[in-house]
Amino acid sequence: MAAAREHWGSRFGFIMAAAGSAVGLGNIWKFPYETGANGGGAFLLLYLLFIVIFGASLILAEMVLGRASGRNPVGAFRLLGGGAWPGVGYLGVFTGFVILSFYIVIAGWTVAYMGFMLDGSLMSSTPEEIGAQFGGFISGGVTPVVLAGLFMAATVAVVLGGIGKGIERASKLLMPVLFLLLLVLIARAVSLPGAGEGIRFFLVPDWSKVTGATVTSAIGQAFFSLSLGMGALITYGSYLPKSTPMPGSAAIIVGLDTMVAVLAGFMILPAVFAYSLDPAAGPGLTFVTLPVVFSQMPAGTVFGFVFFALLFVAALTSAVSLLEVVVTYLVDETPLTRRQAALGAGLVCFGLGVPSSLSQGAVDIQVFGMDFLSAAAALTDLLLPIGGLLTALFVGWKLGPKALALVTDEGRQAFPLAHVWLFILRFVAPIGIAYVLISGLI
Ligand code: PHE
């Protein structure tokens, strides 16, 4: 069975697919609004800190578990650890499910916005009208649900095709294009009159705005953005041949993901200030602010359409990785075929996405005092660091020195920082993550 497992076509292909998983709505939609709502520069600094001290090491830890076991998250923890450890894998599969359920809702919005850009309906509007159109659209009921369903169908279609061709080929083509477009849009945004205030907000920390909740959001964002703590990288790593070295790939993935998030901040926050919009507007920030920017720039219709199309594709490669975690689990562990697993999981996940979509104004669906979508997102911000903490303990202590053998493929691959990596997994990550989670809760 293991011999028949599909492999990535190349190391570059794997890196682009993993970067495709990491770079998504988390970077371009979530990061700017979280930064806006959490005091700007201070949030940026905390986010970067968490990426450097835990993120990179944990990405590598997950890849090691995947490559060494050639299994889904549950199977990987069972094979390498046994006992209660597969529970960490189950937690990951569950978390992936929750994320995907609200992810398709936001991704569906990007589809609608491609349409709004094409028909030019936002182009002559004021910022207030653009804001009102967003509110009207997301609370509209049926349309957003249908679009989430279509997006889910597109995700399922890619996953049905398997690992290599669909995901890998698309990522290799689309990631560089996305990056180029971001640069063009940033150049426009930072040259707007009044943009300086936004740049200052983004770069200069205001520590008076930082609370326990800010710190928890920053760690949640770091994990979410890196696709970390739920087994996505275990899953993608499980399709790596043993001969592929990993530390360099992990560094590139982390670098690309962080760069896109920071660039998205430079694209959106200056524009928010230039048009005197509220940086703490929350999830709607991207869908209100960017159309304002597009309505002002020459050929804004074209840029706007292409931007939302690319955001759609970035979201697609991330959603594919989320579904792939569930599908790889089902295919490895149950008699289901890839086809049955992808269709079944896609359908159930869409079902969970419906209340998320409706909770945006159409129907009052509250959980823990939050609308359903926000509650799902908040739960994610908690579950991912917990998954990461347990993964660090597993690799650092349960595997221990064996992890050094696995990461270097029994000494065949060089990794000069191996001992630093293990030290981080043993001490820095568990203590740091636990401290942040506890201080955020009390
Ligand atoms: N990293 C993705 C993003 O930033 C979201 C994601 C989380 C994807 C976890 C896979 C696993 O949009």
Side-chain angles (χ1 to χ4, degrees), residues 26-58 186 189-190 192 194-226 228-229 254-255 257-286 288-289 368-370 374 377-386 388-389 392 424 427-442:
N27 305 65
I28 303 166
W29 163 72
K30 197 161 183 266
F31 175 72
Y33 90 69
E34 290 271 10
T35 308
N38 284 295
F43 184 83
L44 171 66
L45 218 65
L46 288 169
Y47 167 74
L48 293 176
L49 198 75
F50 292 140
I51 283 177
V52 172
I53 57 179
F54 322 130
S57 292
L58 277 165
I186 292 156
V190 298
L192 291 168
E197 204 189 325
I199 296 172
R200 217 169 301 122
F201 173 79
F202 187 42
L203 294 181
V204 181
D206 176 359
W207 296 109
S208 70
K209 298 262 172 53
V210 173
T211 62
T214 316
V215 182
T216 319
S217 303
I219 202 171
Q221 176 60 22
F223 277 87
F224 184 82
S225 183
L226 290 173
L228 200 56
V254 172
D257 186 65
T258 308
M259 191 152 64
V260 174
V262 172
L263 289 178
F266 275 115
M267 175 174 65
I268 293 172
L269 293 169
V272 175
F273 281 83
Y275 291 96
S276 309
L277 301 167
D278 178 13
L285 195 64
T286 306
V288 177
T289 309
F368 305 127
M370 286 178 255
S374 306
L379 182 65
T380 310
D381 276 353
L382 202 62
L383 291 180
L384 291 178
I386 291 174
L389 170 69
I424 289 178
F427 300 104
V428 183
I431 295 171
I433 298 168
Y435 176 79
V436 171
L437 284 178
I438 292 166
S439 62
L441 290 178
I442 54 178

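Quick caveat: nothing in here was measured; it's all calculated off a predicted structure.
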- Message: Set out, in order, the CA-CA distance, both residues' side-chain angles and the distance that settles side-chain contact (heavy atoms from CB on, under 4.5 Å) for Leu228 and Leu384, then state yes or no.
- Response: CA-CA 7 Å; Leu228 200 56; Leu384 291 178; over 6 Å; no
- With Phe223, the side chain to side chain contact (heavy atoms under 4.5 Å, CB included) member among Ile386, Ile51, Leu58, Leu382: Leu58
- Which of these, Leu269, Val262, Leu285, sits in a side chain to side chain contact (heavy atoms under 4.5 Å, CB included) with Thr35? Leu269
- Could you pull out all residues at least two apart from Thr216 that satisfy side-chain hydrogen bond (donor to acceptor under 3.5 Å, both in side chains)? none
- Query: Can you list the residues that meet the side-chain contact (heavy atoms from CB on, under 4.5 Å) rule with Val210, with sequence neighbours excluded?
  - Reply: Ala42, Leu46, Trp207, Thr214, Val215
- With sequence neighbours excluded, residues passing side-chain contact (heavy atoms from CB on, under 4.5 Å) with Leu389: Pro430, Ile433
Please tell me if the side chains of [X] and [Y] come closer than 4.5 Å, counting only heavy atoms from C-beta onward.
X      : Y      : answer
Val436 : Phe50  : yes
Thr286 : Phe31  : no
Asn27  : Asp257 : yes

- Note on the structure: With sequence neighbours left out, the residues meeting salt bridge (charged side-chain N to carboxylate O under 4.0 Å, His left out) with Asp278 are none
- Query: Does OH belonging to Tyr435 count more than 12 external heavy atoms closer than 6.0 Å?
  - Reply: no
- salt bridge (Lys or Arg N to Asp or Glu O under 4.0 Å) pairs, two or more places apart, involving residues 29-42: Lys30-Glu34, Lys30-Asp381
I need the [X] [atom1] to [Y] [atom2] distance, nearest 0.5 Å.
X      : Y      : atom1 : atom2 : result
Leu383 : Phe224 : CG    : CZ    : 12.5 Å
Ile268 : Phe273 : CD1   : CZ    : 13.0 Å
Ile431 : Ile424 : CD1   : CD1   : 12.5 Å

Which atom of [X] lies closest to which atom of [Y], heavy atoms considered:
X      : Y      : answer
Ala392 : Ala429 : CB-CB, 4.0 Å
Pro270 : Gly265 : CD-O, 3.4 Å
Gly26  : Gln221 : O-NE2, 2.9 Å
Lys209 : Gly39  : CB-CA, 3.8 Å

- Show the numbers, then the answer: is there a side-chain contact (heavy atoms from CB on, under 4.5 Å) between Tyr33 and Val272? CA-CA 10 Å; Tyr33 90 69; Val272 175; over 6 Å; no
- Message: Strictly by side chain to side chain donor-acceptor pair (under 3.5 Å), give each pair with a member in residues 44-58 just once, sequence neighbours left out.
- Response: Tyr47-Ser225
